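Take a look at the structure set out below.
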Amino acid sequence: MNEGVEWAVHVCLLLDWLGTDEPVSTTRLAAGYELPPPYLNKQLQALSRAGILASTPGARGGFRLVRPLEKITLMDVVTAIEGPDEAFQCTEIRRHGLGANQPERAFQVPCTVTTAMRSAEFAWRRALAGQTLAEIRARTEELQPELGDRVRAWYDLK
């Protein structure tokens, strides 16, 4: 999983803590985490295509949340950034090398490696789909009750 997923989750939380319906520019969002704006913009555009953020073009443009955090799961963000494809892609290597001359019936049963990997990925996806960004925000605020105020103050100063 690329770092864009981490960045996207943090930006969604940040936009919620800012509590504004006004768009926030990529440059300002990137400054809050010292991220490169062009690369962050790619992640934000992906969130926009997924219906998580709205993009407003122009000098006063930027991004804003369009769904409440209660309606955004970690899986929504992962899918927006990484795409919907499964992480594990079986290439049936068992048909090559020592398996090259095996009869077709030897491959009728699914590969146990593929079965195990798909089972693990299904559990991972289910766990991500079962966790909303609102739950993450709540846990963060339990650990750092002042964080929302700190975020708003930092962005008011910039």
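Hydrogens, waters and symmetry mates are skipped; everything else that's a heavy atom, side chains included, is used. Bear in mind the structure is a predicted one, so any value in this text is a computation, not a measurement.
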Within the supplied structure, the quantity of interest is the number of heavy atoms (other residues, nucleotides, ligands) at a distance under 6.0 Å from [X] [atom1]; does it exceed 12?
{"X": "N2", "atom1": "CG", "result": "yes"}
{"X": "Y39", "atom1": "OH", "result": "yes"}
{"X": "D21", "atom1": "CG", "result": "no"}
{"X": "I93", "atom1": "CD1", "result": "no"}

Distance, nearest 0.5 Å, that separates [atom1] of [X] from [atom2] of [Y]:
{"X": "T114", "Y": "Q89", "atom1": "OG1", "atom2": "CD", "value": "10.0 Å"}
{"X": "L65", "Y": "L18", "atom1": "CG", "atom2": "CG", "value": "9.5 Å"}
{"X": "W124", "Y": "M1", "atom1": "CH2", "atom2": "CE", "value": "4.0 Å"}
{"X": "L69", "Y": "I136", "atom1": "CG", "atom2": "CD1", "value": "9.0 Å"}
{"X": "L53", "Y": "I72", "atom1": "CG", "atom2": "CD1", "value": "7.0 Å"}
{"X": "T26", "Y": "Q45", "atom1": "OG1", "atom2": "CD", "value": "7.0 Å"}

Original post:
Less than 4.0 Å between a side-chain N and a carboxylate O, is that true for E121 and R125?
Top reply: yes
**OP:** Answer yes when E135 and R137 have at least one side-chain N-carboxylate O distance shorter than 4.0 Å, and no when they do not.
**Re:**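 Between R137 and E135 there is no salt bridge, as every charged N stays at least 4.0 Å from the carboxylate O atoms.
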Single-linkage hydrophobic cluster, 4.5 Å side-chain cutoff, [X] and [Y] together:
{"X": "V66", "Y": "F63", "value": "no"}
{"X": "V113", "Y": "F107", "value": "no"}
{"X": "V24", "Y": "W154", "value": "yes"}

[X] versus [Y], closest heavy-atom pair with distance:
{"X": "G61", "Y": "P23", "result": "C-CB, 3.9 Å"}
{"X": "Q102", "Y": "A106", "result": "CB-CB, 4.0 Å"}
{"X": "Q43", "Y": "W7", "result": "CG-CE3, 4.5 Å"}
{"X": "L47", "Y": "C12", "result": "CD1-SG, 4.0 Å"}
{"X": "A30", "Y": "P36", "result": "CB-C, 4.5 Å"}
{"X": "V77", "Y": "V5", "result": "CG1-O, 4.1 Å"}

Original post:
Are H96 and R94 close enough, and set up right, to give a side chain to side chain contact (heavy atoms under 4.5 Å, CB included), and what steps lead you there?
Top reply: CA-CA 5 Å; H96 304 281; R94 64 186 181 151; over 6 Å; no
Original post:
Just by distance, do the side chain of R152 and the backbone of W17 share a donor-acceptor pair under 3.5 Å?
Top reply: yes
**OP:** Check whether any side-chain N or O of R28 sits under 3.5 Å from a backbone N or O of Y155 as a donor-acceptor pair, and report yes or no.
**Re:** yes
Original post:
Do Y33 and L14 have side-chain heavy atoms sitting under 4.5 Å apart?
Top reply: yes
**OP:** Would you mind reporting whether L133 and D16 have side-chain heavy atoms less than 4.5 Å apart?
**Re:** no
**OP:** Name all residues meeting the side chain to side chain donor-acceptor pair (under 3.5 Å) criterion together with R67; count only those two or more places apart in sequence or in a different chain, and write none if there are none.
**Re:**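 If we apply the side chain to side chain donor-acceptor pair (under 3.5 Å) test to R67, skipping adjacent residues, the hits are D76.
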